[in-house]
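Chain letters run A, B, ... following the sequence lines, proteins first and then strands; every chain starts at 1.
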Amino acid sequence: MAPRVAALVGSTAVGKSRVAIEVAEAISAEIVSVDSMQIYAGMTIGTDQPPQDWRQRVPHHLIAEKDPSEELTVAEFQARGRAAIDDITERGRVPLLVGGSGLYFRALVEDLDFPPRAEDVRARLEDELEELGAAALHERLSELDPAAATRIEPGNARRIVRALEVIELTGKPFSDGYDFDRYDSIYRLAVAGLNRSRADIYARIERRVDEMLDAGLLDEAAALRASGPSRTARQALGYRQIYEATESGALSDKELRAAIVAATKKFAKRQEAWFRADPRVLWFDADDPDLTAQLIAFYRNTLEVP
RNA sequence: GGCGAGGUAGCUCAGUUGGCAGAGCACGCGACUGAAAAUCGCGGUGUCGACAGUUCGAUUCUGUCCCUCGCCA
């Protein structure tokens, strides 16, 4: 029988981490972070990693485990996450997946098999992109893999290049072997989503960005920059805006703060769209005073855990 | 008070030699298989400051008024 897995998803700043602690204690769960940036060490403030005292109450996995000078890929995250889930399950406890990285979540709980990658092929396609433009490469994709071409917009150079890379490496269409509209879990899965009004999310984001700046985000970002962050680590919200500001010059503190807030709001919207599309998610009101009890009951009933 | 500039989308502004008003941002919605906190797609916004005049037709031309900013007094 498939292992039981509990999950708590939702957009940034909705309040997942906090409620997850109490829920985890109640159902003897350990938390597996599903977050593409909290996995990096040294990005404590900007990625809003759960504080030490929370982590002492409940074991957390995939938080501050990876050196920011290294790139992270979905495939690696999938392997690490699966290992954590297996480990927790073997010890007789319940994995509680908590996070908002949509693709990473699906990579963990579904049978997604990521085709290989090759830097040299990628580099050549990037050169061609430079020369011919995205539209030309999209046209090529329509010939090689019509199904993929209809699902990737002609302007989306990144995904077009990736599709062509996979076709070249595997000799098979990019669209082969999976159906992204199916949401088949490999675990016995209970997914709760945390809901909050847009206005509340936005207000919480603004407050949190202020708190991060007060807590020394600028210094943390400078230290990270000096250590040579990988391409994936440096694009984390907050850090990215700080680096752009220092490179292109003159942004006032106020403008910088506004840029971070704006980018984070956009991100929250994308996250909501992602999880709204997932039929497995059962939604809960984050403001409900009874939220913790409801979540505990939901996981107990669905997974039949103590 | 005088002179100058300006009042167009929630914001910043473009524009119409007079013919159903448009960009960016914001906002909303969506897509998503080794960069995903990435990348990309779709969408609506309006008494064109007010009133009058000229005109088949005025946001555009004319007049008066109101408001904002700057300089001078």
At less than 4.0 Å, is any side-chain N or O atom of [X] found next to OP1 or OP2 of [N]? Yes or no.
X        : N     : result
A:Lys269 : B:C27 : yes
A:Ser36  : B:A36 : no
A:Gln78  : B:G34 : no
A:Lys266 : B:C27 : no
A:Arg198 : B:C29 : yes

**Report entry** Test: A:Arg207 cationic atom under 6.0 Å from A:Tyr202 six-membered ring centre, within 45° of axis
**Finding:**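 Checked: cation-pi criterion not met.
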**Report entry** Secondary-structure notation, RNA chain B, from Watson-Crick and G-U pairs under 3.5 angstrom (| other strand)
**Finding:** (((((((..((((.....[..)))).(((((.......))))).....(((((..]....)))))))))))).
Give me the distances for all protein-to-nucleotides 40-44 of chain B N/O pairs that come in under 3.5 Å?
| unit_1 | atom_1 | unit_2 | atom_2 | d |
| --- | --- | --- | --- | --- |
| B:C40 | O4' | A:Asn156 | ND2 | 3.3 |

For [X], give me all partners under side chain to side chain donor-acceptor pair (under 3.5 Å), at least two apart in sequence or on another chain.
X        : result
A:Thr292 : none
A:Arg117 : none
A:Glu304 : A:Arg188

I'd like the [atom1] distance from [M] over to [N], given in whole Å.
N     : M     : atom1 : result
B:C48 : B:A21 : P     : 9 Å
B:U60 : B:U54 : C1'   : 14 Å
B:G70 : B:U64 : P     : 25 Å
B:G7  : B:U16 : P     : 13 Å
B:G15 : B:C3  : C1'   : 28 Å
B:G44 : B:C29 : C1'   : 11 Å

Figure out the [atom1]/[atom2] separation between [X] and [N], and round it to whole Å.
X        : N     : atom1 : atom2 : result
A:Gln271 : B:A36 : CD    : P     : 13 Å
A:Leu164 : B:A35 : CG    : P     : 15 Å
A:Tyr243 : B:A35 : OH    : P     : 20 Å

Query - Pair listing, ring pair (Phe, Tyr, Trp, His ring centres under 6.0 Å) test, anchored in residues 104-157 of chain A, at least two apart - result: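 Residue pairs with at least one partner in residues 104-157 of chain A: A:Phe77-A:Tyr104.
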Query raised in the report: Which residue pairs pass the ring pair (Phe, Tyr, Trp, His ring centres under 6.0 Å) test when at least one of the two sits in residues 30-60 of chain A, sequence neighbours left out?
Result: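 As it turns out, there is no ring pair (Phe, Tyr, Trp, His ring centres under 6.0 Å) pair with a partner in residues 30-60 of chain A once direct neighbours are skipped.
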Query raised in the report: Sequence neighbours excluded, which residues qualify as side chain to side chain contact (heavy atoms under 4.5 Å, CB included) partners of A:Ala222?
Result: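 Listed in chain order: nothing, the list is empty.
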Counting the atoms with a prime plus P, OP1 and OP2 as sugar-phosphate, which does [X] contact under 4.0 Å by heavy atoms, base, sugar-phosphate, or nothing?
X        : answer
A:Tyr239 : nothing
A:Tyr202 : sugar-phosphate
A:Thr47  : base

Report task. Sequence neighbours left out, what pairs pass salt bridge (charged side-chain N to carboxylate O under 4.0 Å, His left out) with at least one residue falling in residues 222-242 of chain A? Result ->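 Sorted result for residues 222-242 of chain A: A:Glu71-A:Arg231, A:Arg225-A:Glu247, A:Arg240-A:Glu244.
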Query raised in the report: Where along residues 106-130 of chain A does a heavy atom fall under 4.0 Å from RNA chain B?
Result: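 By residue number: A:Asp113, A:Phe114, A:Pro115, A:Pro116, A:Arg117, A:Arg122, A:Glu126.
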Can you give each donor-acceptor pair under 3.5 Å made by side-chain atoms of residues 12-21 of chain A, sequence neighbours left out, with the distance rounded to 0.1 Å?
| unit_1 | atom_1 | unit_2 | atom_2 | d |
| --- | --- | --- | --- | --- |
| A:Thr12 | OG1 | A:Arg208 | NH2 | 2.8 |
| A:Lys16 | NZ | A:Gly10 | O | 3.2 |
| A:Lys16 | NZ | A:Ser11 | O | 3.0 |

Query raised in the report: Mind checking whether A:Val94 and A:Leu189 sit in one hydrophobic cluster, side chains of I, L, V, M, F, W, Y counted as touching below 4.5 Å?
Result: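 As far as the 4.5 Å side-chain criterion goes, A:Leu189 and A:Val94 are connected within one cluster.
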Requested in this report: Decide salt bridge (Lys or Arg N to Asp or Glu O under 4.0 Å) for A:Glu110 and A:Arg280; before the verdict, give the C-alpha distance in whole Å, the side-chain angles of both, and the deciding distance to 0.1 Å.
Outcome: CA-CA 12 Å; A:Glu110 291 167 37; A:Arg280 293 166 298 196; 2.6 Å; yes
Query raised in the report: Looking at residues at least two apart in the chain, or sitting in another chain, which of them share a ring-ring contact (aromatic ring centres under 6.0 Å, His included) with A:Phe298?
Result: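 Expected list: A:Phe284.
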